[in-house]
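Since we're looking at a predicted model, the values are computed, not measured. Labels below follow one simple rule: chain letters A, B, ... track the order of the sequence lines, proteins then strands, and each chain is numbered from 1. Just the heavy atoms: all of them, side chains too, but no hydrogens, waters or symmetry mates, feed the values below.
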Amino acid sequence: MTGALVKILLSAFMAGILSIDRNAFGQLQLSRPMVSALAMGLVLGCPAEGAVIGLIYEPLFLSSLPVGSFIPYHPLFPSLVSVLLLAMYDGPRQPAELVGLAVLFGAPTVFLDRAVNIHWRRSNEKAFHRAMVYLRLGRTDLVQLQHILSALRAGLYHAASFLLVGSVLVLAFNLLLKSYEFWPQRLAVLAMLPFFIGLAALASDRTARKGWWGFVLGLMAGGCIGVWRALS
Amino acid sequence: MQGLGFFYSLFPWLAKVSGRHSREAYHRHLGYFNTNPYMSSYILGVVSRLEEEGRGDESVKARNNLMGPLGAMGDNYYWAKLLPFSVLVSLALSFFWASAAPLLFLFIYNAVHLTNRWGYLSSGYRNAHSPQEGAARLNGRGLQRNMERLTTPLLGFVLGVAVFGTQTPGTSLLVFGAAFMMFRRQWKTPAIFGVLVVLAIFLGFLGPNMRIPWFG
């Protein structure tokens with residue numbers, strides 16, 4: 001019980017740290033699923049599952065760009081939740097069998113991720129107005145502090161919401177698996193959905209006007225290597 | 001709204017170069033600021049130089065004039081070209097060496113933008129008297145063109161390997177094709193996801209058991 005609690009708290013902490021990179025400091029892309037899910041897997045003791053979940057989610061929403069004031073969906077929460085679910089599963093099944101169900105549970109958290117992001121941006125605006133007041137009062141130290149607090153607030157909001165939703169989903173995931181043992185195999189096709197949807201979005205963008213030839217040539221080369229790998 | 005971050009970055013320099021006029025300088029630069037985060041280094045360079053020379057009003061004008069064009073330029077460079085390119089290169093590698101893919105992604109992406117950010121800062125400082133002309137030379141057109149050319153074949157390659165990696169190429173192509181058609185009809189991603197979840201569960205009950213390519 002204590003171990004489970006520690007894992008959930010650690011994962012919420014990770015969600016907070018990674019959201020700071022995405023929103024407020026650095027933008028080093030540590031929050032991309034490929035990196036964040038692997039990091040989460042390393043922390044929770046399941047690096048292989050973390051790496052796979054990250055690769056599955058990576059192309060999702062890749063073509064949705066944060067241009068101007070538009071806030072796109074970001075697959076940070078879905079990938080972290082899916083890794084958490086696999087790490088917290090306590091039963092006889094292999095992780096590979098459960099990825100489809102973990103994706104089904106994790107994917108809807110993308111809405112929460114975006115809602116928290118919007119909420120944080122509003123709070124950042126308030127911090128900006130507070131900073132203006134402090135500057136008028138000549139308190140430049142407090143103006144700078146507003147920036148640091150705003151960055152920390154991004155982490156706090158994401159960590160708190162992840163903690164809440166992660167805990168509920170872990171419970172629901174384990175309860176469902178105990179009740180309906182036949183589900184995981186039936187949901188195997190779901191496992192690769194984020195991957196194919198992300199690639200389809202990119203392909204739709206890239207081949208809209210030109211680029212068909214490059215895409216087809218790449219597909220043929222990839223197909224040959226795929227067949228060779230499957231046969232060997 | 002990146003006004004706080006811009007002020008935070010500029011503050012030590014303003015404190016150093018503005019002397020007893022620093023209070024006015026602070027007021028000038030705590031304001032609305034919104035551009036591509038990677039391109040903001042150029043504006044920081046321009047503003048730093050102009051403030052150093054005591055041309056505060058010009059620095060505000062330059063900041064306001066550069067935000068929009070650099071935002072558009074940076075969004076196109078980093079979000080529309082560099083990010084998909086570095087992700088697809090890493091995904092292509094992942095089929096052969098899964099654990100190295102995140103490292104390669106971080107290396108490609110960060111090597112480009114960190115190098116550029118430093119270059120933008122010094123370029124902004126050098127071109128502070130003609131900032132628009134300096135900004136026009138920033139776009140790294142050759143690199144962008146090459147990334148653009150390689151992204152689409154890489155996308156096809158990743159799809160080709162993945163489709164056969166699942167050991168159910170027909171189902172995989174069906175899922176990809178359905179999503180592709182829906183994107184072409186301007187459907188939103190969450191709606192497509194919802195429809196395909198139903199399709200996937202239906203296919204699952206019919207029997208296809210898709211394998212995940214990265215699990216040995």
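Atom CG of A/Leu219 is separated from atom CG of B/Leu173 by 7.5 Å, given to the nearest 0.5 angstrom. To the nearest 0.5 angstrom, A/Gln27 atom CD is 12.0 Å from B/Tyr78 atom OH. Atom CZ in A/Phe195 sits 11.5 Å away from atom CD1 in B/Ile212 (nearest 0.5 Å). Note that CG of A/Leu190 and CZ of B/Phe193 are 7.5 Å apart. Values are rounded to the nearest 0.5 Å.
Applying the 6.0 Å contact sphere to CD of B/Glu24 captures more than 12 heavy atoms from other residues, nucleotides or ligands.
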Take B/Asp75 and A/Leu65 through the test side chain to side chain contact (heavy atoms under 4.5 Å, CB included) and record every step on the way to the result. CA-CA 8 Å; B/Asp75 288 344; A/Leu65 310 173; over 6 Å; no
Quick one: do A/Met192 and B/Thr166 satisfy side chain to side chain contact (heavy atoms under 4.5 Å, CB included)? Show the steps, please. CA-CA 9 Å; A/Met192 291 294 285; B/Thr166 59; 4.2 Å; yes
Derivation of the side chain to side chain contact (heavy atoms under 4.5 Å, CB included) call for A/Gln29 and B/Asn110: CA-CA 8 Å; A/Gln29 301 300 332; B/Asn110 288 310; 5.5 Å; no
Candidate pair A/Val35 and B/Tyr109, rule side chain to side chain contact (heavy atoms under 4.5 Å, CB included), full reasoning: CA-CA 12 Å; A/Val35 183; B/Tyr109 193 88; over 6 Å; no
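Ring geometry, B/Phe176 versus A/Phe215: the interplanar angle falls under 30°, so the pair is classed parallel (tilted spans 30 to 60°).
Both the backbone and the side chain of A/Pro194 come within contact range of chain B, judged by heavy atoms closer than 4.5 Å. With a 4.5 Å cut-off on non-hydrogen atoms, B/His27 touches chain A through its backbone and its side chain both. For chain B, the nearby part of A/Arg32 is the side chain; its heavy atoms alone come within less than 4.5 Å. At a 4.5 Å heavy-atom cutoff, the contact between A/Pro66 and chain B is made by backbone and side-chain atoms alike. With a 4.5 angstrom heavy-atom cutoff, B/Leu106 touches chain A only via side-chain atoms. When heavy atoms are compared at a cutoff of 4.5 Å, A/Val143 approaches chain B by way of both its backbone and its side chain.
Distance alone, capped at 3.5 Å, is enough to place a donor-acceptor pair between the A/Arg229 side chain and the B/Phe95 backbone.
Taking both residues in full, the closest heavy atoms of A/Leu38 and B/Pro102 are given as CD2-CG, 3.6 Å, listed atom of the first, atom of the second, then distance. Shown here for A/His147 and B/Gly5, the closest heavy-atom pair between the two residues is CE1-CA, 3.4 Å. For the pair A/Ala230 and B/Phe164, the tightest heavy-atom approach, listed with the atom from each and the gap, is CB-O, 4.4 Å.
Of the residues considered (A/Leu217, A/Ile148, A/Ile225, A/Leu135), A/Leu135 shows the highest number of contacts with chain B, using heavy-atom pairs under 4.5 Å.
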